[in-house]
Student: 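One structure, pasted below without further comment.
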Amino acid sequence: MKEDKLDDFFDKIRDNVDIYEPSDTHFENFSRRLSDARNATLKQHKNSTINWFKPLSIAAAIALLLISSLFVFQNSDESKRELASVSDEMSTTQSFFASSIAFKLKEIKKTATIADKELVNDAMNQLDKLDIDYQKLKQDLVISNNDTRVISAMIENFQQRATLLEDVLETLQQNKLNKNYSNENNIL
């Protein structure tokens, strides 16, 4: 029923509505607008794909950076392994030598004079070389998985440092005694 009324209504007004013909370029304009809209939709879709690509590539780069830094920090923690990490006994040994060396260095700084500068500088250079050797031994300790030969070499390195500083201290004290003795002789 409603359809019939609607059809009747359109039949009545058809003559009044369809009085104009579209222009000759109407279909061309319509096709152009339709293709422009289609191209704009494709560009927008393409741009949205590119917009997602950039953040995803940045996120992937950050993830790779974090993962690689995790491996670096894990390896650096292992490469910093000391003699003390082997056992409690080695920890005690390292503490003993480290405190002994530190004490002897303080004593050298207290007793050294300007005249002893060359002797002290030479000793510090030798101490630096021994420290470089010790750093290499720390790396060897990690690689060798606590090989007893490397542990022995590390202890020997500590002993060499302590002996070097002890020798320097004795030489400084001997120089001081000789200086005092010569001063006493000059006074008399």
Side-chain angles (χ1 to χ4, degrees), residues 49-188:
T49 304
I50 292 173
N51 288 340
W52 278 106
F53 179 73
K54 287 179 183 179
L56 286 177
S57 62
I58 292 170
I62 290 171
L64 285 173
L65 182 66
L66 289 174
I67 290 170
S68 64
S69 65
L70 179 66
F71 285 119
V72 167
F73 285 124
Q74 281 180 344
N75 290 339
S76 67
D77 287 345
E78 280 197 10
S79 67
K80 292 181 182 178
R81 238 167 51 181
E82 299 269 345
L83 184 61
S85 67
V86 175
S87 69
D88 290 338
E89 187 177 276
M90 291 300 123
S91 176
T92 305
T93 303
Q94 181 177 343
S95 296
F96 168 76
F97 278 115
S99 62
S100 175
I101 290 169
F103 176 76
K104 289 176 184 178
L105 279 171
K106 285 180 186 177
E107 287 297 311
I108 288 173
K109 287 180 182 178
K110 282 183 190 176
T111 59
T113 62
I114 295 173
D116 301 320
K117 185 177 180 179
E118 188 176 327
L119 174 68
V120 173
N121 285 341
D122 184 47
M124 291 303 138
N125 287 337
Q126 290 179 16
L127 200 61
D128 287 341
K129 289 177 185 175
L130 287 168
D131 189 57
I132 290 170
D133 290 343
Y134 183 75
Q135 298 304 320
K136 290 177 185 174
L137 288 169
K138 282 177 20 179
Q139 292 174 350
D140 290 345
L141 183 67
V142 172
I143 293 169
S144 70
N145 199 20
N146 300 342
D147 187 6
T148 56
R149 294 174 293 182
V150 176
I151 294 169
S152 297
M154 292 175 92
I155 294 171
E156 185 177 326
N157 182 284
F158 275 124
Q159 289 171 339
Q160 287 174 350
R161 287 195 249 178
T163 302
L164 171 69
L165 294 175
E166 187 64 39
D167 291 344
V168 170
L169 264 174
E170 286 178 14
T171 305
L172 290 175
Q173 289 171 352
Q174 189 65 38
N175 289 347
K176 188 176 181 181
L177 286 175
N178 289 341
K179 193 176 187 182
N180 288 341
Y181 182 73
S182 70
N183 286 341
E184 286 177 7
N185 284 339
N186 288 339
I187 293 174
L188 293 174

Student: Would you say D131 and R161 make side-chain contact, with heavy atoms under 4.5 Å?
Tutor: yes
Student: First locate atom CG of D128, then atom CG of D133, and finally report the distance between them rounded to the nearest 0.5 Å.
Tutor: 11.0 Å
Student: To the nearest 0.5 Å, tell me how far Q94 CD sits from S99 OG.
Tutor: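 OG of S99 is found 10.5 Å from CD of Q94.
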Student: Is a side-chain donor-acceptor pair under 3.5 Å present for K176 with Q173?
Tutor: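 The answer is no; no qualifying pair exists.
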Student: Going from CG on N145 to CG on D140, what distance comes out if it is rounded to the nearest 0.5 angstrom?
Tutor: 12.5 Å
Student: Do the non-hydrogen side-chain atoms of D147 and L141 ever get within less than 4.5 Å of each other?
Tutor: no
Student: Working to the nearest 0.5 Å, report the span between CG of L172 and CG of D167.
Tutor: 11.0 Å
Student: Drop me the distance from L169's CG to L105's CG, to the nearest 0.5 angstrom.
Tutor: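 Reported value, rounded in 0.5 Å steps: 9.0 Å.
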Student: Between L164 and A123, what is the shortest heavy-atom contact and its length?
Tutor: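 Answer, listing the atom of L164 first, then A123: CD2-O, 3.6 Å.
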Student: Measuring from I151:CD1 to E89:CD, what's the distance to the nearest 0.5 Å?
Tutor: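 Between I151 CD1 and E89 CD, I get 10.0 Å after rounding to 0.5 Å.
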Student: Could you go through I155 and M90, starting from their C-alpha distance and side-chain angles, then the distance that decides it, and tell me whether this counts as side chain to side chain contact (heavy atoms under 4.5 Å, CB included)?
Tutor: CA-CA 9 Å; I155 294 171; M90 291 300 123; 3.8 Å; yes
Student: Scan side-chain atoms only and decide if T113 and D116 contain a donor-acceptor pair under the 3.5 Å cut-off.
Tutor: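 Yes, D116 and T113 have a side-chain donor paired with an acceptor closer than 3.5 Å.
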Student: One thing to verify: whether K104 and E107 come together as a salt bridge, which I'm taking to mean a side-chain N less than 4.0 angstrom from a carboxylate O.
Tutor: no
Student: Is the shortest heavy-atom distance from the side chain of Q174 to the side chain of E170 under 4.5 Å?
Tutor: no
Student: So F97 and F158, would you call those rings parallel, tilted or perpendicular, with 30° and 60° as cut-offs?
Tutor: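 Rings of F97 and F158: parallel, as their planes differ by under 30°.
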